[in-house]
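Residue indices begin at 1 and follow the sequence shown.
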Amino acid sequence: MPKITIQNLNNKVISYEQSYKSILNCLLENQQDWMHACGGKGRCTTCAFNIIDGLEHLSKKNEAESKLYKQGKLTEKQRLACQCTLDSDIVIAVPKKNQLPHLNYNVL
C-alpha cells in the first residue's frame, strides 16, 4: 500500500489504498485539510503540491495539468492533487501559497 508523506506537515504519513482515486480524494478521506478551490476539476492550482521524492510514481500528466504547465502556473516539480494518482510511496510538500492558515507547517 503506497504512502504519501507530507514533509512540511511534520512528515505526516497517509496511506493510499486505492490507486484509481486522486491524491486529493485520498487526503480528504483521511481527514487531511487540503486547499482545492475549484472542487477538484483541475481548473486552478490551489491543490498543487511540490514533489520532494517519487515523481516517477505519479500518473502521467493529463490535459488539465499540461495546460497549466504551458501557462506557467505549475513547475516541473509540481502536480495537482486532484488530477494525479500514484503507484508507490511519494514525499511531497505544500507550497507556501497553498498553505491553509489553521495548519502548522514547518519550514523546509
Side-chain angles (χ1 to χ4, degrees):
M1 173 178 348
K3 298 196 180 342
I4 302 166
T5 302
I6 308 169
Q7 193 174 50
N8 61 344
L9 277 176
N10 297 312
N11 289 312
K12 183 172 186 170
V13 176
I14 295 176
S15 294
Y16 187 85
E17 296 182 23
Q18 297 176 325
S19 62
Y20 63 87
K21 288 187 179 182
S22 71
I23 290 174
L24 177 62
N25 283 340
C26 177
L27 294 167
L28 297 176
E29 287 174 4
N30 283 277
Q31 289 75 50
Q32 177 59 57
D33 287 342
W34 202 268
M35 192 178 297
H36 56 288
C38 73
K41 295 177 178 66
R43 295 182 185 151
C44 71
T45 60
T46 59
C47 73
F49 59 87
N50 295 334
I51 304 154
I52 307 302
D53 188 38
L55 174 64
E56 68 276 12
H57 301 300
L58 295 168
S59 57
K60 293 182 180 183
K61 295 176 198 168
N62 64 14
E63 187 176 327
E65 284 184 299
S66 294
K67 180 179 177 182
L68 291 168
Y69 280 103
K70 287 176 186 171
Q71 293 173 351
K73 295 180 180 178
L74 292 174
T75 70
E76 285 301 317
K77 289 285 194 168
Q78 290 182 319
R79 295 292 300 273
L80 296 179
C82 70
Q83 298 297 305
C84 62
T85 62
L86 66 114
D87 62 16
S88 191
D89 297 355
I90 59 169
V91 179
I92 64 173
V94 182
K96 184 78 173 159
K97 69 178 186 169
N98 296 356
Q99 293 179 0
L100 295 168
H102 66 283
L103 296 178
N104 293 319
Y105 299 88
N106 40 323
V107 178
L108 299 178

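Legend: residues meeting salt bridge (charged side-chain N to carboxylate O under 4.0 Å, His left out) with Lys3, ordered by chain and number and at least two apart, are absent. Under the side chain to side chain contact (heavy atoms under 4.5 Å, CB included) criterion, Ser88 pairs with His57, not counting sequence neighbours. For Asp53, the side chain to side chain contact (heavy atoms under 4.5 Å, CB included) partners two or more places apart in sequence, or in a different chain, are Val91. For Gln7, there are no side-chain hydrogen bond (donor to acceptor under 3.5 Å, both in side chains) partners at least two apart in sequence or on another chain. A search for salt bridge (charged side-chain N to carboxylate O under 4.0 Å, His left out) contacts involving Glu76 returns Lys61, not counting sequence neighbours. With sequence neighbours excluded, the residues satisfying side chain to side chain contact (heavy atoms under 4.5 Å, CB included) with Leu74 are Thr45, Ala48, Leu68, Tyr69, Gln78, Leu80. For Lys77, the side chain to side chain contact (heavy atoms under 4.5 Å, CB included) partners are Thr75, not counting sequence neighbours. Evaluation of the side-chain hydrogen bond (donor to acceptor under 3.5 Å, both in side chains) rule for Lys67 yields no partner, not counting sequence neighbours. Qualifying salt bridge (charged side-chain N to carboxylate O under 4.0 Å, His left out) partners for Glu17, counting only residues two or more places apart in sequence or in other chains: none.
Here the side chain of Arg79 pairs a donor or acceptor atom with the backbone of Ser59 at under 3.5 angstrom. When atom types are taken as modelled, the side chain of Asn30 and the backbone of Gln32 share no donor-acceptor pair closer than 3.5 angstrom. A donor-acceptor distance shorter than 3.5 angstrom exists from the side chain of Trp34 to the backbone of Cys47, with no hydrogens or angles considered.
Residues Met35 and Ile51 are members of one and the same hydrophobic cluster, defined by side-chain heavy-atom contacts under 4.5 angstrom among Ile, Leu, Val, Met, Phe, Trp and Tyr. A single hydrophobic cluster is seen to contain both Leu55 and Ile90, as judged by linkage of ILVMFWY side chains at heavy-atom distances under 4.5 Å, directly or through other members. Hydrophobic clustering (side-chain heavy atoms under 4.5 Å, transitive across Ile, Leu, Val, Met, Phe, Trp, Tyr) groups Val94 together with Ile14.
Pairs passing the salt bridge (Lys or Arg N to Asp or Glu O under 4.0 Å) check and including a residue from residues 19-28, sequence neighbours excluded, read Lys21-Glu29. Within the structure, side chain to side chain donor-acceptor pair (under 3.5 Å) pairs that include any residue of residues 90-108 comprise Asp33-His102 (at least two apart or interchain).
Taking SG from Cys82 and CG from Leu27, the interatomic distance works out to 11.5 Å, rounded to the nearest 0.5 Å. In this structure, OG1 on Thr5 lies 8.5 Å from CD1 on Ile92, to the nearest 0.5 angstrom. Atom CD of Glu65 and atom NZ of Lys70 lie 12.5 Å apart (nearest 0.5 Å). The line from CG of Leu103 to CG of Asn10 is 10.5 Å long, rounded to the nearest 0.5 Å.
No more than 12 heavy atoms of other residues, nucleotides or ligands lie within 6.0 Å of CD in Glu63, so this atom counts as exposed by the packing criterion.
In terms of heavy atoms, Ser15 sits closest to Cys26 at O-SG, 3.4 Å. Shown here for Pro95 and Asn50, the closest heavy-atom pair between the two residues is CG-OD1, 3.7 Å.
Through direct or indirect side-chain contacts shorter than 4.5 Å among Ile, Leu, Val, Met, Phe, Trp and Tyr, Met1 is connected to no other residue.
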Q. Between Asn8 and Ile6, does a side chain to side chain contact (heavy atoms under 4.5 Å, CB included) hold up when you go through it step by step?
A. CA-CA 6 Å; Asn8 61 344; Ile6 308 169; 3.8 Å; yes
